Each structure stands twice: as C-alpha cells, then as structure tokens.
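Before any comments, here is the structure.
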Amino acid sequence: QSSQLNLTQGVTEISNRVYDLHMTIFYICCVIGLLVFGAMFWSMIAHRKKQGVKPATFHENVKVEIAWTVIPFLILIGMAIPATSTLIAMEDTSESDVTVLVTGSQWKWHYKYFDHDVEFFSLLATQQEQINNRLDKGENYLLEVDRPLVIPTGKKVRFLITSDDVIHSWWVPDFAVKKDANPGFINEAWTKVDEPGIYRGQCAELCGKDHGFMPVVVIAKEPAEYDAWITEQEQIAKQAKAEEQRLLAMSMTEAELMQLGESVYLGNCAACHQPNGQGIPGVFPSLVGTDMVLNDLPAHIDIVVNGKNGTAMQAFGNQLSLRELAAVITYERNAWGNSTGDLVQAADVNEYKNN
Amino acid sequence: MSTVVGEMDHQDHHHHAPSGITRWLFTTNHKDIGSMYLWFSFIMFLVGGSMAMVIRAELFQPGLQLVDPHFFNQMTTVHGLIMVFGAVMPAFTGLANWMIPMMIGAPDMALPRMNNWSFWILPFAFTILLASLFMEGGGPAFGWTFYAPLSTTYSSDSTALFVFSVHIMGISSIMGAINVIVTIMNMRAPGMNYMKMPLFVWTWLITAFLLIAVMPVLAGAVTMVLTDKYFGTSFFDAAGGGDPVMFQHIFWFFGHPEVYIMILPSFGIISAIIPAFARKPLFGYSSMVYATGAIAILSFLVWAHHMFTTGMPVAAEMFFMYATMLISVPTGVKVFNWVATMWRGSITFETPMLFALAFVILFTIGGFSGLMLAITPVDFQYHDTYFVVAHFHYVLVSGAIFSIMAAAYYWLPKWTGHMYDEKLGRLHFWCSLISVNVLFFPMHFAGLAGMPRRIPDYSLQFADINQIVSIGGFAFGLSQLIFLWVVIKCVKGGEKAPAKPWEGAEGLEWTVPSPAPYHTFETPPEVK
Amino acid sequence: MATQHEKYYVPASSPWPIVGAIGLGLIAFGAGHTVIDMKNETVDGWGSNVLWGGIAVMLIMLFGWFRDQINESMGGLYSPQLGHSYRQGMSWFIFSEIMFFAAFFGALFYARVIAVEWLGGASNNAMTNEVLWPGFEAMWPLTETPGGTTTQAMGWMGLPLYNTIILVISSFTCHFAHVGLEKNNRKQLTLFLGITIVLGCIFLYLQGAEYVHAYQDLGLTLSSGVYGNTFYMLTGFHGMHVTLGTIMLIVMFLRVLKGHFTPDNHFAFQATSWYWHFVDVVWVCLFIFVYVI
Ligand code: HEA
Ligand code: HEA
Ligand code: CUA
Ligand SMILES: [Cu+2]
C-alpha cells in the first residue's frame, strides 16, 4: 500500500459522501483560516512598532461583534445540513440483504452469518517474528488475518456488532464504518460495497494489551461467488462436525497432541499466558507449576471450556474444536517442565462438556 | 478592626519571607504557593514528557523495539493523566495563585491555609499514581479515559490506587477552585467591579466554576469503577442491568468541561499579552466575557461528541453534533477579538508575544480540527485515530502549554525581579514552534490515512510519518530544556526588572515593584 | 464585599495543611492497598494499617486546625470579610457535594431510563434483546437482571417514610436552633440542637435497620444488579453524609455548651446548619427517585 495522506475515499456511496463532507469542511476551514491568519500577519507586518506606527485606541464595535457572531453561525448551518443527511443515511440499517453478527473479544473477531450455519474466528496472521523484527515485515504487516470476513457486493450487508469482554470497535475505512462493540449490547451498522476487493481495517478502541494487533479484513465478492463460498462453508462446517464425531472414538498420540496443542496455544493463549507459559504477574496468571495445571484436571478442562467469569479468561468451549481443546490442555500440562504425563483426548473433553 | 490585626503581628506580617523549609511546608502566602504549584507542574511536565518520549521512541519504527504492548499502554495512559492533571491544571492554579490576588488588589487568597492544603495534596497523589507503575501487573493501562470494563473487570490490581489518587487530586482541585472563586467574589479592591476585572481573572472565575461542577462527577465515576471492580456492583455491566456506555457518559460529562478547564485560563493569558504588546486596549472586552460564559455553558451540553461511535440513537448524535459545532461561534469571537486588538496596534515581538501569537494560530488550527471532529458522520472515520491525537495536542500543547509559556515569560520579571534572557527566550520559542509542528502536524495525515491511536505498532504505510513525528517529538522535548535554563537563569539573576517592564501592559500587578513584595495590597488599592 | 476598606486577615502559616495532605495521602495509599488486599484475600493487612494511620492523622489535623481556628476566631482576629469568605466557601463546597450526588443520580436515571430499557429491546436495541438477552423484560425496580440475579424491591412505606419524616423535622429543629442562636436565646438553641442530633441518630439507626432488612429479608444487596447498586450507593453516600453532619452537630452542641458563638458571629454553626439542610434535601430527592417513583 502506498502511503496516503488524506482520508480514505472508500468504495461505497456512503464512504464517498463522507469523504466529500470531509473535504468541504476542510476547505471551509482553510478559507476561514486564510482570512483570519491573513489579517493577523498583515497586522504583524504593517502595524509593527518598528514602522513607527502610533497605536490606535479603538476597542469596541458592536456591529462588528454581531457580524462575526452571525456569519460563522450561518457557515455552521451550511455544514450541518449535508452532515445531517449523511448521518441519517448511515444510521438506517433497515432492509438489509445479509446480516452478520460481529463479536469482538480480546484480541480477535468472531463472525457469524445469520441465515447460514457459518461462523468462525478471525485472528491476526502476521507472524510474531515479524513483530519482533526477526523477520522482514510483509506487505500487509499487521493488517492480515487467517480467515477474513466475506460479503457480497451490491447488497446491503448489516453488521450486528457486540463484544464478549471489553469494548472494541469494528472499523473498515473503505466502508466508512466504525462502530463500537459493547459487551452486552448490539450496535448496528451497514454497508453496500460496489467493487469486489480486499478491504482492511483495525480495531479502533483500546481493548487491552493487543489492541494494536486486532485487524479486520473483509473480502467483497460478486454475489454468485459469494453464494458459492457460503455454501461451501456450510458444507465444511457440516463435515467438520461429522469428522469431530468420528474422531471422538479415536485417540491421538502424545506427539500429535503436543504438536497441535502448541499451535493452538500460540494462536489463542500465548497473548496472555505468554509463549513460555509464565503469564504476566498480577495480570495474567502463570501456567507453570501451578496447582491446577499439575493436579486438578477437571478444573483445568472447566476453565478452558467455560472461561472464568469476571476475568479476561474466555470460554474456549465454542471457539475451539474438541480435538483442539484436548490438545491444548494436554500441551499445557506437559510443556515448560510441567510434565504431568496427562494425555487428554477429545472424548474426555466431550464427556466433560456433556455433563 | 484593622489596627487590631496590625498589633497581633504574626511573623509573616513582616515584609519579607520567612526562611527555611517550613516556609514552604507551612506557608499561607499565595506567592509561595503559586511558585510551588508552578514548579510542581513543570516537574510533572518533564515526567509526562519523558513518557511521551518513550511512546515516540517505540513508534519511531514499525515493529516492537523497546517496550512491550502492556507497558506501552501504561505509558500512554499515565502520560495523558500526568499532563492533564499534573502539568496543565496545576500550572494554571499556580498562575491563579500568583496573579489573581495581585490583579484584583487583594492581600492574598481568600482561604490561605486551605490553599496550602490543596497544593500539598498533589505530590502525594502523583507519587501514588507513579508508584502504581511499579506494582505487579503494572499501573493503569486503560487510557486516561479509563473506559469500563477495561478499567474494571479487565484491569490490573493497581486500579484501586489509581482510583484513590484521582480522588485526592479531585479534592485538591475542588478546594483550589473554591479558593479562586471566593477570592474573586469576595476580595476585590474597592472599585474593582466585575466588568473591570482583567480577563485572566474572568476566565479563571468561570474555570473555577467548571471545576467545582465537574470534578465531583469524576469522583463519582472513579467510585463506580472501584465498586464495579472490587465490590460486585454492575454499573457498567449489562448482565446486572448496567451499561459500559454509561461510564462514558459520566466520564465525558466531566471530561469535556475538563478540556475547557484547560483552555479558558489560556484565553485569559492571551487577552492580557496581546494588548500589552500591541499597545492597544483589548478589543471587545465585554464580548470576550460573554463568549467565555457561553463556552462554559455549552461545554455541559456537548460531552457525547466523544461517543459518536458508541451507538447512540441518531437523534442524540444530531443534538451533540449541533451543540458541539456551536462552540465554534463564541470561540471564534475570541479569536476575532484578538486579531482586532492587534489591528492598527504598535506591535513588538518579545517572547511572551511570540508565544501568544503562535497560540492564536495553532489553537485555531486545533479548533478547526475540533470542528471537523464534531461532524458526526465524518467523526466515524476520524474517531480514535491520530487525527484526534493531532487535534488535542494542537489545542493542548501549542494551545494550553504555549499560553503557560507565554504567561511565564510575561510575568517572570514580576516574580523574580529580573528580566529573563530575551535571546534564549526567542531561541526557545523558535525551536518549540518549529518542532511542535513537525511533531503534531503530520499526525493529522497519519490519522486520516487510518492509523488508530493507542497502538504500540503499526502497519508499514505509516512508517515515514511516524519517523518524522518522533523526530519532531525529541526536538520539542529537548527545546523545553532551554526553557528550564531560562527560568533558572532568571531566578538566579539578570538585568533588574522595573515595576512595569512592558510598555503596553496594564493591570494592578504592574503597580507593585518587581519582584513583587512578599505581601502586596495589604491595604486595598482604590480602583477607578 | 468589594467596597470594604478594612484589612483582610491573612492567617499565619500553619502546619495543619501539610499534615492534612499527609493524612489524605496515607488514606489514599492505604485504602487502595486495603481494597487490593481484600480482593486478593491477602491477610497481612498492612494496607489497612496505613489507612487507619491516615485517618488518625486526619483526625489530629482536623482537631488541631479547628482548635487554632476557634482560638483565633474567639480572639477576635477575624474580619467580617473573612466570615464572608468562609460562608461563600462553604456554599461552593456544598455545590460540589451536590454534583457528586448528581453523578449517582445520573447513573440511576441512565440505568433506569436507558440501559435497562435498551436491554429490553427499546430504541435502537431491538437486536440486543433478541440476540443477547432473549426473554429479558425491562422493568424497574430491576428485580431480575439480564444475568438472572433476582432480588426484591424496597418499598417506600414503612422505614423509608418514617426516615423522611424524621429528617424533614430535623431540618426544622435545626432551623429553630439557629433562630434561637440569632435571638440569643441559648435555651432554645441548646434544646433544638439537641433534638436535631437525636433525630439524626434515629435516622441513622433506622437506616441501618433498613439495610439489615434488605439484606436478610429481601435479598437486596449491593451486588444485586444495578437496582441494588444505585440503591446502596445513593443511600450509602447519603448515610455517610448524615453521619458526618451528625458529628458536626455534636461538635456544635459541645461548643454551644462551652458558650461559643454569638448572634452575629457563628460561622461554624451556620455552615453545619447549611450542611444539614443540604443532606435533608438530598434525602428528599432520594426518597422520591429511589423509593417512590
Ligand atoms: C484544550 C483542550 C481542547 C479544546 C479547547 C478543544 C476544543 C474543541 N474540540 Fe476537542 N478534544 C480535546 C481537547 C480540546 N478540544 C481532547 C483532549 C480530546 C480527546 C480526548 C480523548 O479521547 O482522549 C478532544 C476530542 C474532541 C472530539 C472527539 C473526537 C473523537 O474522539 O472522535 C471532538 C468532536 O467533536 C472535539 C471537538 C472540539 C471542538 C468542536 C472544539 C472547539 O472548542 C474548537 C473551537 C475553535 C475553533 C473552531 C477555531 C476558532 C474559530 C474561528 C476562527 C471561528 C470561525 C470558525 C468556524 C465557523 C468554522 N474534540
Ligand atoms: C496537556 C497535555 C499534553 C501534553 C503537554 C502532551 C505532550 C506530548 N504528547 Fe501527549 N497526550 C495527551 C496530553 C498531552 N500530551 C493526552 C491526554 C493523550 C491521550 C492519552 C490516552 O490516549 O489515554 C496523549 C497522547 C499522546 C500520544 C498518543 C499515544 C497513543 O495513542 O498511544 C502521543 C504520541 O505521540 C503523544 C505525544 C506527546 C508528545 C511528544 C508531547 C510533547 O509535547 C512532550 C514534550 C515534553 C518533554 C519531552 C519533556 C521535557 C524534556 C525532557 C524531560 C528532556 C528529555 C528529552 C528527550 C530525551 C528528548 N501524546
Ligand atoms: Cu479490540 Cu482494540
Ligand atoms: Cu470534548
């Protein structure tokens, strides 16, 4: 992406209206600024003591005061009219074609399609090595995710935005959509994208440690392509469920569990508990050598599946598959010198969940 | 009556200052207390500035180099808190202490002992706040706006310390404001009626009113944060019938008037300096007074312009947009009056005037970006980006801070009895002026292009802008060391200042010798 | 009083302000650590020691400061203008207190009119109710929260009503005491001041009884949702103010017994009486908005 200096013009009718409004107001300010600063600089040059001017003594003029009260007021009315109509259009979420529930959580987005059985998490895809300057940064550094949101072009897409924990804000500059994700409440926003493409944005409300690492990526596809995509996703979801049932009967080896567990851990847990499991004292608890991890398997499964109320520990039960849950719990119980030797299988987690 | 008092002769009724450390600890003298406020605020400015330097150093390049994100958030948060509550507000209170009694012909502040109490609370409050950074889990990391539930359920242990330190800062501010208000209402010299008061006094009168009205609301907000985090309430938790957005309403009901608390005294300062160096009376005195009042009233009606993206109903968004835009009108009146004051004056450009002129221009630029932010549909794009950061640093740094610098240069001769070094002063000015713009102007571009605020790392498109900004930041920070040097030099010595060093200056403070004697106007002057 | 020509009394320097600052600093630091210790169930409790230390320092400060102040005032040092300063200072202080309560009243109104309604699907939050809180119905008092916590509401009949009557009467008796002082009728002063104090204590006792009733019989606790939150925060902070006011009244009573105050020099008494009226007005608002409506 080339470096840009002005507001994103965007790819929707609304975003263009917003851009125009921005430019109009900017120009008006420039003109006022030019007049005011012009008068000031004129005084500074022409009315210097060095020029030998004697100061005038006037210090009041009611007519002038009224003029420079009324004129700015009229200018403001001129700004308010287009602003109001754009605002009303932006807030009108009625008659949408597609609805997506967008849920923020520390520090990822979750998308759920209302009329289809499709939902998934969307996580930052930039490698940690790039962030830590150990690898060259890619073109879309910090603006890439593993699973982007997909929406159809030419259709009114309504977003229902909420959060699982703190306040986030879902922002895609190209759509001129920025809405806070408030826990316990649902905000609505909408867009109608005309051009297919990949659009990138970020979380725009301070949401804790990794607020800067919570991008939004949206792919707009032609309706036909979109339909194909969503049917495919539904298929995949169905298959995954079936596969999961099948796998329940099978056990994984320790190596498999540890390998899968590590990758799940790094993707979902390491942001808080740190890659070395030590956590951050006073904020995020350590997993190394603690009583629960060493001795209390049921409690361990419980906290991973159900989270812990009132803390940043989320419920991963519906975020991860049974296999992944089993693997990550196994990993935590055997990594970093914990070596309990416990192997947890998908069936164990399933059994726990169903009790 | 007066003879009785004269005979009771307490030690500080002598015309020189008592000496030793207890002078500062026990003092009831408005000048001593003013000096302590000013030094305290300057130290806080350096501390908060150092945190800004950490921020700028980390943002110098993309990627994480120096600090981890959690610490970065603490720096952002505490930088904001320190600058707002530790640097700007105490600096204004210090100026009020020094100048208001002298400007209205009073012997001291109305409640001198409480005055000392107000000051001495501050070092304790900020020690607690800063100490919390060293606790396990770190200090506050939720932004100076401490939005729930990030500041409640999801904050680190130290939050209780943050809450209580804000409580006592608030107590200090309220007592300080009561003192100012009572001094102005009750202690004016005979003949000094309201419409003769210098604008600095007027703006502070209104500022003090704002302070008393909104600091208690902040106290309420932090209290609810405390109980939500530690005592099981759910003011800001939907599951219990509360609402996280309710926090923002309460906070900004305080927060928006707060930003005017940080600018109204500046308006007063500028309204003293521009006439002095234009050698021409302030244009439109009474309209200035009314404009200040109008800004203060409007400031209670616009708070939700910080919350346009929170999902308010569209009617509320419209109301807050219009109300916010309206503030431009009285503010514009002020700017126009200043320009009209300069018009056909006989202008010279000593350092105070340079800072005042820079204030007018740069504050207005900040005001323009404020107006752009007020336009709700466009604010959806600007909100929580560096465009906002640019806006408020223009009004706060090249606004409030510049006006404080201007005030310091303007009154240093009165405080110390010496002229400051004009060459160094100008050097300070030009370094500051250039670097402040290199620092904050490009932030507009970063914000428009889409860089969110409060992030420790950014995507590659913002790399160039951030590098320039950081360089400007270091330069601006270093420039402030010149100021420190000028002040120390001026306190230590220098050319003797006459009672009225500025040809065009007006006001009672210039009728007393420089340095101002320890006690001034023990018998009130007659104002005609 | 800009027209006065007399000399303003500038009090001599005093150690009490900085002692007060130290006290407040210790209180803030100690209270912070006490709260943190409570949450983490740490038991060494040094935080609360600091807190108590701070409170002790504050008490010493208040005692010393007021003693000096009273001595100076009785010594005839104060000018009427200083009296004006005190009176104005006190009024602005009360204004700040009003704004403090306003924050909590604001929370009450917001929760009741906006937050709970929205959770029930009002305004632009139809989806909030449908998706996140299906089945939740907006109501006030919020006897069942969206999260499922239940409680019973506190009615206004009974204790709250008695308390309202008691406090309103106490405002009148306080006023009569003041009138007595101004007419230099010390007997009336002492009698009515005494009654006011007794009424204040009864109020506090009944308030305590009400809390016990709420906790034990109604299941209405500080953590039973935003109804309980606003209920306890408002009545709790009000109760703290009544406690403070009662202490102030008792101090005034002792000073009256010692023969302090004259018909035209009694700032401390007047301030206390203002404070008492303020506390009373807050209660009336509270009674209406928390209990009745
Ligand atoms: C000293 C502090 C100060 C001052 C004076 C102002 C002044 C103004 N501010 Fe600013 N503001 C802040 C400090 C300040 N602000 C801070 C700290 C924040 C961020 C807080 C945070 O989130 O951390 C903020 C954020 C902020 C926002 C929220 C942005 C967001 O988060 O999305 C908005 C939105 O409306 C806003 C608007 C305004 C307006 C309209 C003014 C007006 O008062 C400006 C009026 C002045 C002028 C307009 C210029 C002069 C006028 C003329 C020459 C007349 C003619 C002009 C016209 C008719 C156009 N401000
Ligand atoms: C009056 C208030 C005030 C002042 C004066 C400043 C001054 C400065 N601010 Fe401040 N700032 C805020 C109020 C203020 N700020 C607020 C309210 C926020 C929002 C916080 C939040 O998001 O919660 C903020 C946020 C903020 C950010 C955004 C952080 C983020 O979103 O993550 C940045 C980034 O650049 C920044 C930079 C600076 C810089 C470089 C200065 C400079 O002007 C500072 C210059 C001063 C010095 C540097 C000190 C003096 C010099 C020395 C001690 C010598 C050593 C110097 C060197 C090593 C060079 N500030
Ligand atoms: Cu999520 Cu910021
Ligand atoms: Cu504002």
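Protein chains get the first letters and strands the later ones, always in sequence-line order, with residue 1 at the start of each. Since this is a predicted model, take the numbers as computed values, not measurements.
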If you round to the nearest 0.5 Å, how far is [atom2] of [Y] from [atom1] of [X]?
X: A/H211; Y: B/T76; atom1: NE2; atom2: OG1; result: 9.5 Å
X: A/K54; Y: B/K280; atom1: NZ; atom2: NZ; result: 15.5 Å
X: B/M312; Y: A/E91; atom1: CE; atom2: CD; result: 9.0 Å
X: A/L76; Y: B/T324; atom1: CG; atom2: OG1; result: 11.0 Å
X: B/M246; Y: A/N182; atom1: CE; atom2: CG; result: 13.0 Å

Chain B contact via [X] - side chain, backbone, both or neither, heavy atoms under 4.5 Å:
X: A/E205; answer: both
X: A/T69; answer: both
X: A/Q106; answer: side chain
X: A/F175; answer: neither
X: A/D165; answer: both
X: A/M40; answer: both
X: A/N6; answer: both
X: A/F213; answer: side chain
X: A/E60; answer: both
X: A/C207; answer: backbone

Nearest heavy-atom pair of B/A238 and A/G184: which atoms, and what distance?
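B/A238 and A/G184 have their closest heavy atoms at CB-CA, 3.6 Å.
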
[options]: which one forms the most heavy-atom pairs within less than 4.5 Å of chain B?
options: A/S169, A/A83, A/G212; result: A/A83
options: A/I131, A/D210, A/I32, A/I25; result: A/I131
options: A/I88, A/I280, A/I28, A/T84; result: A/T84
options: A/N132, A/I167, A/I161; result: A/I167
options: A/M79, A/Q51, A/M44; result: A/M44
options: A/F58, A/F284, A/W42, A/F73; result: A/F58

Most contacts with chain A, counted as non-hydrogen pairs under 4.5 angstrom, among [options]:
options: B/P244, B/S328, B/G504; answer: B/P244
options: B/L150, B/I455, B/D157; answer: B/L150
options: B/Q61, B/E136, B/M321; answer: B/E136
options: B/A463, B/G137, B/S346, B/G367; answer: B/S346
options: B/D68, B/V335, B/T364, B/N73; answer: B/N73
options: B/T376, B/T385, B/V333, B/I361; answer: B/I361

Carefully, step by step, assess B/L448 and A/Q4 under the rule side chain to side chain contact (heavy atoms under 4.5 Å, CB included).
CA-CA 8 Å; B/L448 291 176; A/Q4 139 203 0; over 6 Å; no

Would A/D180 and B/T309 count as having a side-chain donor-acceptor pair, cut-off 3.5 Å?
yes

Between [X] and [Y], is any pair of side-chain heavy atoms under 4.5 Å apart?
X: A/D92; Y: B/V314; answer: no
X: B/Q461; Y: A/L143; answer: yes
X: B/T145; Y: A/L206; answer: no

Heavy-atom contact with chain A under 4.5 Å, split by part of [X]:
X: B/Q74; answer: neither
X: B/A278; answer: backbone
X: B/Y147; answer: side chain
X: B/A340; answer: both
X: B/L371; answer: side chain

Heavy atoms from other residues, nucleotides or ligands near [atom1] of [X] exceed 12 (cutoff 6.0 Å):
X: B/Y290; atom1: OH; result: no
X: B/F349; atom1: CZ; result: yes
X: B/Q65; atom1: CD; result: yes
X: B/R344; atom1: CZ; result: no

Is the NZ or CZ atom of A/K209 both under 6.0 Å from the centre of the six-membered ring of B/F72 and within 45° of that ring's axis?
no

Short question: side chain of A/K178, backbone of B/H383 - any donor-acceptor pair under 3.5 Å?
yes

Return the orientation label for the B/F336 and A/W68 ring planes: parallel under 30°, perpendicular over 60°, tilted otherwise.
tilted

Full working for side chain to side chain contact (heavy atoms under 4.5 Å, CB included) between A/F185 and B/D243
CA-CA 8 Å; A/F185 289 82; B/D243 182 352; 3.5 Å; yes

Among B/F380, B/F387, B/Y382, exactly one meets ring-ring contact (aromatic ring centres under 6.0 Å, His included) together with A/H22. Which residue is that?
B/Y382

